[in-house]
Amino acid sequence: MLERIHNFNAGPAALPLPVLEEIKDSFLNFAGSGMSITEISHRSPWFDSVINDAVERVKRLLKLDDKYHVLFLQGGASMQFCMAPLNFLSDNRSADYVNTGTWSTKAIKEAQIQNKPIKVVASSEDRNFCYIPKDISFNKDAVYVHLTSNNTIKGTQFEILPDTGNVPMVIDMSSDILSRPIEMSKIGMIYAGAQKNIGPSGVCMVIIRQDLLDLSPGNLPSMLNYNTFASKNSMYNTPPCFGIYTIQLVLKWIEETIGGLEKMDALNRKKAGILYDYMDSSDFYKATADKGSRSLMNVTFRLPNEDLEKAFVAKATENKLGGLKGHRSVGGCRASIYNPTTLDAINALVSFMKEFEKKS
Ligand SMILES: Cc1ncc(COP(=O)(O)O)c(C=O)c1O
């Protein structure tokens, strides 16, 4: 009997069960090669078909035109905090940053460490990042505007992306990548650590437009230059093969089992709606993010006191509901409900929450 829990971890996080089963079934003999996916060469036709299929699926799902390159890099999303300003801000040019939480703050810091003259044009720090700033004025001469579309720790998300005029957006979508359709015309680059919505840790997906690639100065270390990877289909050096393979299977699941991003979005809205509606009807649980800024991916909430929060997390774990502790920097509770989280998991969580409230 397969003993699995409902996994609400923030990342690494739940993966679709059919994907895990496919990995298990083909683990010792990938595509008739007689080898595991973890044993084949990245220069083999087997791996070519994996990475090329992954790239094509991302292009179809996001309706990308030929100007966009899909890359799979290492160093996590954190490496992108450094690579974006390094590649795009030569000649003392500036970019605008919006600070909506811990990860945006880190992205800002990495640009400042390099002495790049960036401007923080909006921040929600005044209220502990519980909302998404609105009506932001951007600088017309900025090279890019950097945003974190979903704030994993604070539980907020841009409901719609801001209008940045002609300035391309560079967006950290680590925790909401491929969870909903997005309008790509104003987006110059997206990056996402895979370990929340689309795969395991160890690989960061980067979608980058040609005009941003063209900004890269020639004198960067090869491993920090986007062109190195764009010109070699992400295989300048050995790529994270297993991670890319898992991503390919998750993309196939989104396209073929879920039915694309509109359907993924509808399911994600339904899941988050059930949780928020219940919390709004209760005096016991309180969602921490402002309405209108609430994340569909990371539902952060508080109970009346910290002792109850501790007991809630412990009791939930006993009931096979894992990963509900809030991030150590903010406390409280958090249910991360990325693409793979099922409606069953949400219903099990809400039943448990009702029971816990009744007994407390
Ligand atoms: C929004 C966001 N950006 C960046 C990161 C950092 O990602 P990584 O650990 O892949 O560097 C995280 C990790 O949780 C995140 O949630």
Side-chain angles (χ1 to χ4, degrees), residues 7-15 71-86 97-111 113 123-125 128-133 144-159 161 169-180 182 187 189-207 223-224 229 234 239-240 242-244 246-247 250 268 288-289 293-300 323-330 332 334-341:
N7 178 356
F8 296 97
N9 277 321
L15 283 166
L71 312 179
F72 299 100
L73 308 186
Q74 297 184 61
S78 300
M79 182 67 101
Q80 299 310 307
F81 299 161
C82 142
M83 278 176 75
L86 184 68
Y97 277 67
V98 179
N99 191 0
T100 50
T102 313
W103 300 110
S104 320
T105 304
K106 289 196 175 184
I108 290 164
K109 183 173 150 222
E110 290 299 315
I113 284 174
S123 167
S124 49
E125 194 170 6
N128 197 20
F129 299 112
C130 71
Y131 69 100
I132 297 290
Y144 62 85
V145 170
H146 183 278
L147 306 173
T148 312
S149 52
N150 184 75
N151 299 283
T152 324
I153 296 175
K154 307 290 181 182
T156 62
Q157 185 176 25
F158 280 86
E159 207 170 15
L161 296 172
M169 285 181 268
V170 168
I171 311 182
D172 176 358
M173 287 197 186
S174 292
S175 46
D176 63 356
I177 184 80
L178 296 173
S179 65
R180 56 184 180 178
I182 37 167
I187 299 181
M189 184 172 107
I190 290 171
Y191 61 93
Q195 65 271 21
K196 299 164 197 299
N197 265 307
I198 55 166
S201 61
V203 48
C204 180
M205 186 162 83
V206 174
I207 300 167
M223 288 296 288
L224 295 177
F229 297 95
S234 303
F242 179 74
I244 296 169
T246 309
I247 291 175
V250 174
N268 284 331
T288 58
S293 297
R294 288 172 167 181
S295 169
L296 301 178
M297 302 279 103
N298 306 99
V299 178
T300 48
L324 289 164
K325 193 166 182 290
H327 190 269
R328 59 191 182 283
S329 64
V330 291
R334 169 174 60 175
S336 296
I337 54 169
Y338 302 119
N339 287 345
T341 304

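As the structure lists them, so they are numbered: ligands from 1, and atoms in each ligand from 1.
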Query raised in the report: Hey, does the side chain of Thr156 reach the backbone of Ser293 with a donor-acceptor pair shorter than 3.5 angstrom?
Result: no

**Report entry** Polar contact flag, side-chain donor to acceptor under 3.5 angstrom, Ser336-Asn298
**Finding:** yes

**Report entry** Trace of the side chain to side chain donor-acceptor pair (under 3.5 Å) decision for Asp176 with Asn197
**Finding:** CA-CA 7 Å; Asp176 63 356; Asn197 265 307; 6.0 Å; no

Report summary line: salt bridge (charged side-chain N to carboxylate O under 4.0 Å, His left out) filter on Arg294, not counting sequence neighbours, yields Asp280

Requested in this report: Check ring pair (Phe, Tyr, Trp, His ring centres under 6.0 Å) between Tyr144 and all other residues, then give those that pass, not counting sequence neighbours.
Outcome: Phe88, Tyr97

Side chains of residues 101-108: which donor-acceptor partners sit under 3.5 Å, not counting sequence neighbours?
residue	atom	partner	partner atom	Å
Ser104	OG	Thr100	N	3.1
Ser104	OG	Thr100	OG1	3.2
Ser104	OG	Thr148	OG1	2.7
Thr105	OG1	Asn99	OD1	3.0
Thr105	OG1	Asn99	ND2	3.3
Thr105	OG1	Gly101	O	2.7

Query - Neighbour list for ligand 1 [protein residues, heavy atom under 4.0 Å] - result: Gly76, Ala77, Ser78, Phe81, Trp103, Thr148, Asn150, Thr152, Asp172, Ser174, Ser175, Gln195, Lys196

